[in-house]
Amino acid sequence: MEIVILPDPDAVARTAADIIQASLENGHAVLGLATGSTPLGTYAELIRRHRDEGLSFADAEAFTLDEYLGLPAEHPESYRSVIRREFTDSVDFPDGAIHSLDGEAPEPEAEAARYEAAISAAGGIDVQILGIGTDGHVGFNEPMSSLASRTRIKTLTEQTRRDNARFFPSPEDVPHHVLTQGLATIREARHLLLIGLGEAKAPAIAAAVEGPLAAGCPASALQLHPHTTVLVDEGAASRLEHRGYYQYTLQKKPTWQSF
Ligand code: GLP
């Protein structure tokens, strides 16, 4: 893992956008997109680069990470709607290039299998953006998710439902069930970009990066990946024991070496 501590969320967004831009400029790119508030700054920066600097997504496609079960696709809080509203509708992805899970699929297990096949057919994901839940979840892989899990149904913890209640008219409206890419699915992406912002995420980031590899902190599964970049602001980095080493590593990073 490469741990990159940056002064503030804007610096995190710019660095994340640099990584996505490099992938786009490398030829056909398959992006993995997370929802939640954490990547919004990155998406805003990518939209700005598209508008002001001509950054193009015309040769890219994207897969969302997860979806609430039971929400119609057109529901404003379905992740299919959120990712379009917050990001993809404002840039130039080709028609049909944004792939999402169907939260209303009559057979969710068949939908999960279809999604796995679609990711494989696209050649796998080049860069997967990830946020982290306060309980250490990535996607919607709640604690005790199998480290070998594939896309499937999960039941949200009460903590996650409370955390996400701000997006719904009332806490009872947050669905109990979701479809999410599994931890093994996520780990097949070629580059993982985990973003943590703010002190509320500091314990989860510390457990993911420096804690034991354990199902109790699903994000710790990223320790098994050969190319994970963790971008954090000062708040999210505040519980990292080895932060001095990470800062030293960044200062000494060879100019030829990219993220
Ligand atoms: C949500 C999403 C995750 C997201 C996480 C953190 O429940 N399923 O993909 O990373 O929780 O959300 P936020 O970025 O709003 O803190």
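The residues of the chain are indexed from 1 along the displayed sequence. Just follow the structure's listing: the first ligand is 1, and inside any ligand the first atom is 1.
Two residues are said to be in side-chain contact when any heavy atoms from C-beta on lie closer than 4.5 Å; Thr35 and Tyr43 fail this criterion.
Here the heavy atom of the protein found nearest to atom 14 (O) of ligand 1 is Thr38 OG1, 2.5 Å. Remark: minimum distance from atom 4 (C) of ligand 1 to any protein heavy atom is reached at Thr35 O, 4.0 Å. Closest to atom 16 (O) of ligand 1, if we only count protein heavy atoms, is Lys201 NZ, 2.6 Å. Counting only heavy atoms of the protein, atom 8 (N) of ligand 1 lies nearest to Asp66 OD2, 2.9 Å.
Heavy atoms of Arg166 found under 4.0 angstrom from ligand 1 belong exclusively to the side chain. Of the heavy atoms in Tyr68, none comes closer than 4.0 Å to ligand 1.
Interface atoms of ligand 1 facing Ile132, defined by a heavy-atom separation under 4.0 Å, are 6 (C), 10 (O). Of all atoms in ligand 1, listed by their number and element, those nearer than 4.0 Å to a heavy atom of Gly36 are 14 (O), 15 (O). Close approach of ligand 1 to Asn164 is summarised as follows: ligand atoms under 4.0 Å from at least one heavy atom of the residue are 1 (C), 7 (O). Listed by number with element, the atoms of ligand 1 under 4.0 Å from a non-hydrogen atom of Tyr79 are 1 (C), 2 (C), 7 (O), 8 (N). For ligand 1, the atoms sitting less than 4.0 Å from at least one non-hydrogen atom of Gly131 are 10 (O), numbered in the order shown with element in parentheses.
At least one N/O-N/O distance between Gly139 and ligand 1 falls below 3.5 Å. Between His137 and ligand 1, a contact under 3.5 Å exists for at least one N or O pair.
Under the 4.0 Å criterion applied to side-chain N and carboxylate O atoms, Arg14 and Asp8 are not assigned as salt-bridge partners. The pair Arg150-Glu116 counts as a salt bridge, with a side-chain nitrogen and a carboxylate oxygen less than 4.0 angstrom apart. The pair Asp126-Arg190 counts as a salt bridge, with a side-chain nitrogen and a carboxylate oxygen less than 4.0 angstrom apart. We find that Arg162 and Glu158 are not joined by a salt bridge, their nearest charged nitrogen and carboxylate oxygen being 4.0 Å or further apart.
Between His191 and Ser23, the side chains place no donor N or O within less than 3.5 Å of an acceptor N or O (distance only, hydrogens not considered). Side-chain contact annotation: Glu74 with Ser81, donor-acceptor N/O pair under 3.5 Å absent.
Annotation for Glu199: atom CD does not count as buried by contact number, only 12 or fewer foreign heavy atoms lying within 6.0 Å. Atom CZ of Phe167 is surrounded by more than 12 heavy atoms from other residues, nucleotides or ligands within 6.0 Å.
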